[in-house]
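When a ligand or atom number is given, it counts from 1 through the structure's own listing order.
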Amino acid sequence: MKNNWRIQSPSNPFRRRDFLIGAGRLSAGLALSQMLPESAFAQKVIKGKERLIVRSIRPEDLETPVSLLNTWITPNDLFFVRHHMYAPNVKVDEWKLTVDGEVQTPLTLTLDELKGMPKHTVTVTLECAGNGRAFFDPPVAGIQWERGAVGTARFVGARMADVLKKAGVKDTGRYVAMNGADKPPGTMPDFIRNVPMKKALDADTILAYEMNGEPLPILNGFPLRAVVPGWEGAYSVKWLTNLQVIEKEYDGFFVKTAYRFPNRPVAPGEAVAPQDMVPLTGLAVKSFVNSPLDGATVAPGKVHMGGFAWAGESNISKVDVSMDNGSSWFPAKLGKERERYAWQSFDYEFNITQPGSYLLMSRATDDKGNVQPVAPWWNPSGYLWNVIDKVRINVKA
Ligand SMILES: Nc1nc2c(c(=O)[nH]1)N[C@H]1C(S)=C(S)[C@@H](COP(=O)(O)O)O[C@H]1N2
Ligand SMILES: [Mo]
């Protein structure tokens, strides 16, 4: 089995969301307009993201409705938001990036200095490891994402490798720990993540200040974030203020406990010991159907089906679709827009003449031969849901 993805549930400090008050408790997937009691507050914290589904408002966890995930590039105002603490209010004049630890020359860089370095652009499908968590059975604690904690954007920034070269990584440097300006409330641990040196030095790993031609939105990490292409979203640290080159894997909650997956297949509901967990890295092969929408009624005849498929660091080699509960599958046409790390659109036209209820399904395969499974790889934190996607439609004259 190729996948190295499975892990333990953080029975963790931040599950006690004592600091979630008011609207935070009411936030089981309400649209902003439905949050009347606190709408003024909500308007302020999710400004520019009003069309997203609110999964939590303190902190801001916002999911994109699949009905709006219908363009190859996800516009900034539709791009999902996920973080564990509150978004910090960064003053760009005071902001700086420090680079320290196992380096010859510790650095302090301003945004202008970073912008003066060679620019690199990557188009990346960024997905939260917990996307699809709501579908696991038995249920798993954590934000109950359905299908929209994912999006694709064009990021521009300086290469992490160039910044590290400027500082001069010592031979002892094996990981780069990344910290952002968000501060944990109370006893909650700080959100610090680390990336192994090989991936840190990859030419496509960047420190991004631009997203789809604009400065990063505040909720997506303004003024600077890491973008670690093809790896689960938690590597792409937002509001980045420090890179620390370290010798050993970072010893903190968000590396040692969270974002880990069992190293063997486990039974649904099974507890897994920490030593049987390995860090998540790349995303799993996955697809979703965005047309027709689940629950749609369509006329008999030609039914267009479409969606997106991605596979982290791998490329999509095909997407098969079905309209008969998976009895037969047909290869969909892949879209022309193709970039490493970015999702690919797929399209198919069914001819459904008999009225009735139909399940349309999509199943992606990547260039390593990984295929979306029929059943989930249950894991205690509910990561990497990638079961064959399905929508039920009603064909009616
Ligand atoms: N500083 C900081 N960066 C962070 C996080 C966080 O809590 N704090 N959350 C991570 C997680 S879990 C994900 S999935 C991505 C989401 O990026 P987005 O909010 O731009 O969609 O940001 C990552 N970067
Ligand atoms: Mo995430």
task: With rounding to the nearest 0.5 Å, note down the distance linking CZ in Phe222 to CG in Leu111.
output: 7.0 Å

query: Any N or O on His84 sitting closer than 3.5 Å to an N or O of ligand 1?
result: yes

field: Side chains of Arg154 and Thr121, donor plus acceptor under 3.5 Å
entry: no

task: Write out the residue and atom name of the closest protein heavy atom to atom 11 (C) of ligand 1, then the distance separating them to 0.1 Å.
output: Ala234 CA, 3.7 Å

- prompt: How far is atom 4 (C) of ligand 1 from its nearest protein heavy atom, and which residue and atom is that?
  reply: Phe191 CE2, 3.5 Å

- request: Would you please say whether a donor-acceptor pair under 3.5 Å links the side chains of Gln144 and Arg55?
  value: no

field: For ligand 1, the portion of Phe80 having any non-hydrogen atom under 4.0 Å away
entry: both

field: Per-atom contacts of ligand 1 with Asn220, taking only distances under 4.0 Å to non-hydrogen atoms
entry: 18 (P), 19 (O), 20 (O), 21 (O)

query: Is there at least one pair of N or O atoms, one from Asp182 and one from ligand 1, spaced under 3.5 Å apart?
result: yes

query: Taking the inter-plane angle between the rings of Tyr259 and His84 on a 0 to 90° scale, is it parallel (under 30°), tilted (30 to 60°) or perpendicular (over 60°)?
result: perpendicular

query: Under 4.0 angstrom from ligand 1, any heavy atom of Arg225?
result: yes

field: Nitrogen or oxygen atoms of Ser236 and ligand 1 under 3.5 Å apart
entry: yes

- prompt: Within 45° of the axis and under 6.0 Å from the centre of the six-membered ring of Tyr235, does NZ or CZ of Arg193 qualify?
  reply: yes

message: I need the contact type for Tyr259 against ligand 1. Using non-hydrogen atoms and a strict under-4.0 Å cut-off, is it side chain, backbone, both or neither?
response: side chain

- prompt: What's the verdict on side-chain contact (heavy atoms from CB on, under 4.5 Å) for Trp145 and Asp61, showing C-alpha distance, side-chain angles and the deciding distance?
  reply: CA-CA 9 Å; Trp145 303 111; Asp61 289 305; 3.9 Å; yes

- prompt: Does Thr125 reach the main-chain N or O of Thr152 with its side chain, forming a donor-acceptor pair under 3.5 Å?
  reply: no

task: Please assess Asp276 against Arg264 for the test salt bridge (charged side-chain N to carboxylate O under 4.0 Å, His left out), listing each intermediate value before the final yes or no.
output: CA-CA 8 Å; Asp276 295 339; Arg264 58 180 156 85; 3.4 Å; yes

field: Distance from atom 15 (C) of ligand 1 to nearest protein heavy atom, with residue and atom
entry: Gly233 O, 3.5 Å

query: Can you tell me the protein heavy atom closest to atom 3 (N) of ligand 1 and the distance?
result: Lys238 N, 2.9 Å

query: In ligand 1, which numbered atoms sit nearer than 4.0 Å to a non-hydrogen atom of Cys128?
result: 14 (S)

message: Tell me whether the rings of Phe308 and Trp343 are parallel (<30°), tilted (30 to 60°) or perpendicular (>60°).
response: parallel

statement: With Asn220 as partner, the option from Arg225, Arg82, His83, Lys49 fulfilling side chain to side chain donor-acceptor pair (under 3.5 Å) is Lys49

- request: Look only at interatomic distance and state if Leu126 has a nitrogen or oxygen under 3.5 Å from any nitrogen or oxygen of ligand 1.
  value: no

task: Give the residue, atom name and distance (to 0.1 Å) of the protein heavy atom nearest atom 16 (C) of ligand 1.
output: Arg82 O, 3.7 Å

message: I'd like to check which ligand 1 atoms, numbered from 1 as shown, lie under 4.0 Å from a non-hydrogen atom of Phe79.
response: 21 (O)

